[in-house]
Structures are given as structure tokens and as C-alpha cells.
A.B. asks: 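First the structure, which I've put down as C-alpha cells, then a few questions once you've had a look.
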Number of protein chains: 2
Amino acid sequence: MTAFLSTYVNKVDRKKRVSVPAPFRAALAGSSFGGLIVYPSLRESAIEAFSRDVLEQLNNRRMSRSLEGDDFEQLLLGGGDGLIDAVMAMVHELPFDPEGRVVLPSALAAHAGITDRAAFVGRGNRFQIWAPEAFQAHQDEAIDALRRRAGNGDGP
Amino acid sequence: MTAFLSTYVNKVDRKKRVSVPAPFRAALAGSSFGGLIVYPSLRESAIEAFSRDVLEQLNNRRMSRSLEGDDFEQLLLGGGDGLIDAVMAMVHELPFDPEGRVVLPSALAAHAGITDRAAFVGRGNRFQIWAPEAFQAHQDEAIDALRRRAGNGDGP
DNA sequence: GCTAATCCCATTGACCCCCAAATATACCCA
DNA sequence: TGGGTATATTTGGGGGTCAATGGGATTAGC
């Protein structure tokens, strides 16, 4: 199911609030929690975002993976999945205010270089939040790479 | 259900008191006991924490395991699960004060290297308490490992 | 009677809600 | 097709509420 499409740029006010684009909110509406789950991208200057349901699936994956082992042993001794533990520690839950805005934690805003405007970038089953200029540069470069890879034809 | 998310850093006052983050308190609220169960992590310089209910489950599980294994002797003679026995012996019950704070036993604080600030680290089912600097180092290393593991795929 | 733990209260600051204006989008009718 | 209106979305700000913190008072334990 392709939920998050296209790119929207919204303003960040002096309280660090920013409106989540209405189409994205609609896509999140089915989720149990009225808000987003976010964490800093590990390889880009951006914030990764998805629904609470996806996080639950991640947690379930850990559970099922430890089936043959022992849930409690893992609970007590640790030594579980490094990825999942690391993600749980660095995610933030951003609830919507009545107007459909979220507050960007300053550490995440800094990571993405976001100050007064934020670009919401659809990635299908998830989306990202960028500083508009950084995203523009990243996108230009990505398109260039695609063109080169496509050879000398005139691109997709 | 994924209850413990994100990382919060709170101050430890001169009476060794520290506020448990409100979202974590909310997650513990259903429990029969108004407080936490903690014990020193066996593999890290951190304190492991979870609700009283989880402890009950541990006990029940140990019980049922002994019974179904026909090892009634084990239950009675105590030759059973070394891990659970060990944990039962070293856990502490930390009750909340009216403001939602707990007092860190000095042995545990020492184990984790906690002095004036404590990082509460969500791990999904449970959480940990670290010295902020130690956690930062640990998390950085974990993220590095993830980046290497991800290699050059285009994951998050 | 002294020490230590727990409770009670006050202060600070962050967060969240409500209201209101401005802007953009969709709709309708001539 | 065009103008104009109605609706939804985005944006701004004030104020109340709750969480975190610090200090003093009271109780329990030794």
C-alpha cells in the first residue's frame, strides 16, 4: 500500500511546531496512536518518520526471532537484536496537536539542519523530513546519478 | 505492546532521587505496584528496569516450566533455573515518591557509574538507566556497528 | 536521641490546548 | 469558462496545566 507520496514544504514556527501535510496525516489516521514515530536517519541528514504500527511490527519481529531461544532470557540478559534496541532508544513519539502539527525535538532538527522550514518527503511506506535546501541538493544528485546510470538516453 | 521508547536524561539530586520520565511512569501505571523493579545489567554498565508484573510472569514461568517438566523436585529443592534465581536475588523494588521519583541504591548507581545525572533508555519491553556519557558512547558504537552491517545497501 | 528515609510544599520551565487570522483549495453557478 | 463563495489547511500567539526539581519538615528506625 503506497501511502506517502510527493513532497511538501511547511513552515516551522518559533515554538518548533510544523504542520504535517494533510495527505500524510490521512495516511496515518488508521494507526492506533495519533502521531508519528521519528528517528534520525543513520546515513542522511534527515529525519525518518512512520506510523506507530510499523514500530509495533518491529517489536514483534524481535519477539518472533527469539522464539527458539527464550524470551525471558533475552529480556534478562539483553543481547537481543542490536538494531531494534538501538532504534527503541533513539525514536521519539511526536503527538499531533489539535491542528495536526508536531513539535520537532531540537536534537532531531539539528541533525537534519532544519531551522524555519521543513520538507516532508514521501517514500511510499514511510516518509522523511529534510531541510528544504539539503533535500534539493540530495535530490538533484540522486537524479544525476540515475541519468548517468541510464546511459546517454534521455532519462526516464 | 511497545511501552518504553526514547531516551530521557534527568537529574539526580543530593538525596539520590531521580524523576522517572512521565511516559515511563504511565506505562508502569497498570502494574500492581507503584514503582520499578531494577537490577544491575549482567553485560553492560547499566541498570535494567521493568514493571512488577514482568517479575510475576517470570515467577509463573519458572513454576510452569518445572511442573510440565515433571521436575517437582527441582521446584522444591531449588535446583532449577539459575538465571531466574540469580535475578530474583539481586532485584530491588524502587517505590515512587508522590512526585514520581525513585531513590537509586548506591550499589546500583555505582555499577552504572551514575553520579548527578541519569539517562532513562527505552528498550520496548523494558528500559535501562545509564550514566549519560556511558550511554552516549555505547549508543554511538551500536550505531557504528549498524552502519557497517547495513554495508552499502540503501536502508535507513 | 540521632540518622536516614519519606512526605509535603514551592518554584521553575516546558508542553499542550484553545482561539483566531491568513492562505490555499475545492465547489458552485451564472 | 470565469468569478465568486465556501471549505479545508496552514500559521500565529496567549495562557493554563503538568512535569521536573529543590528544600524543608515530619516520621520511622536504630
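Numbered from 1 within each chain, the chains take letters A, B, ... in sequence-line order.
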A.B. asks: Rounded to the nearest 0.5 Å, what separation is found between the CD atom of A:E93 and the CD1 atom of A:I37?
C.D. replies: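 Atom-to-atom, A:E93:CD and A:I37:CD1 are 4.5 Å apart.
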A.B. asks: Which of residues 98-108 of chain B have a heavy atom under 4.0 Å from DNA chain D?
C.D. replies: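 Correct list: B:E99, B:R101.
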A.B. asks: Are a donor atom and an acceptor atom from the side chains of A:Q57 and A:D53 found within less than 3.5 Å of each other?
C.D. replies: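 No donor-acceptor contact under 3.5 Å links the two side chains.
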A.B. asks: Heavy atoms only: give me the nearest B:L28-B:F127 pair and the separation to one decimal.
C.D. replies: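 The answer is CD1-CE2, 4.4 Å.
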A.B. asks: Taking only nitrogen or oxygen atoms into account, show me every contact under 3.5 Å that the protein makes with nucleotides 27-30 of chain D, one pair per line with its distance.
C.D. replies:
none

A.B. asks: Using a cut-off of strictly less than 4.0 Å between a heavy atom of the residue and any atom of DNA chain D, enumerate the qualifying residues of residues 10-27 of chain A by number.
C.D. replies: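 By residue number: A:N10, A:K11, A:D13, A:R14, A:K15, A:R17, A:S19, A:V20, A:P21, A:A22, A:R25.
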A.B. asks: Determine the minimum heavy-atom distance between B:W130 and B:S45, stating which atoms define it.
C.D. replies: CE3-O, 3.6 Å
A.B. asks: So does B:E141 have more than 12 non-hydrogen atoms from other groups sitting under 6.0 Å from CD?
C.D. replies: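 Check fails, neighbour count at 12 or below.
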A.B. asks: Compare every heavy atom of A:S19 with every heavy atom of A:N10, then report the nearest pair and how far apart it is.
C.D. replies: ND2-O, 2.8 Å
A.B. asks: To the nearest Å, give me how far apart CG (B:D97) and P (C:dC9) are.
C.D. replies: 14 Å
A.B. asks: When the ring centroid of A:F4 is compared with that of A:F24, is the distance short of 6.0 Å?
C.D. replies: yes
A.B. asks: For a quick test of reading the model, state the closest non-hydrogen atom pair linking B:A112 to B:A46 and the distance between them.
C.D. replies: CB-CA, 4.1 Å
A.B. asks: Can you get from B:I47 to B:V54 by hopping between Ile, Leu, Val, Met, Phe, Trp and Tyr side chains that sit under 4.5 Å apart?
C.D. replies: no
A.B. asks: Are the side chain of B:R147 and the backbone N or O of A:L42 linked by a donor-acceptor pair below 3.5 Å?
C.D. replies: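 Yes, the answer is positive, given that a donor and an acceptor are paired below the 3.5 Å cut-off.
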A.B. asks: Mind checking what makes salt bridge (charged side-chain N to carboxylate O under 4.0 Å, His left out) contact with A:E44, not counting sequence neighbours?
C.D. replies: none
A.B. asks: Using heavy atoms and a sub-4.0 Å distance, could you list which residues of residues 110-123 of chain A are near DNA chain C? By number, please.
C.D. replies: none
A.B. asks: Ignoring hydrogens and angles, tell me if any N or O in the side chain of B:R126 forms a donor-acceptor pair with the backbone of B:F50 under 3.5 Å.
C.D. replies: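 Absent.
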A.B. asks: Starting at CZ of B:F96 and ending at P of D:dA20, how long is that distance when rounded to a whole Å?
C.D. replies: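 Roughly 11 Å, once rounded to whole Å.
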A.B. asks: Do A:D140 and A:Q136 have side-chain atoms, one donor and one acceptor, less than 3.5 Å apart?
C.D. replies: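 Distance-only check passes for A:D140 and A:Q136.
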A.B. asks: Using modelled atom types only, decide if a donor and an acceptor are shared between the side chain of B:H111 and the backbone of B:S41 within a distance under 3.5 Å.
C.D. replies: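 Checked: pair present.
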A.B. asks: B:Y8 OH to D:dT21 C1': how many Å, rounded?
C.D. replies: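 In whole Å, D:dT21 C1' lies 18 Å from B:Y8 OH.
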A.B. asks: Looking at every heavy atom in both A:K11 and A:V18, which two are closest together, and how far apart are they?
C.D. replies: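 Taking every non-hydrogen atom into account, O-CG2, 3.4 Å.
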A.B. asks: So how far off straight is the helix from C:dG1-D:dC30 to C:dA30-D:dT1, going by the axes through five pairs at either end, to 10°?
C.D. replies: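 The angle, to the nearest 10 degrees, is 40°.
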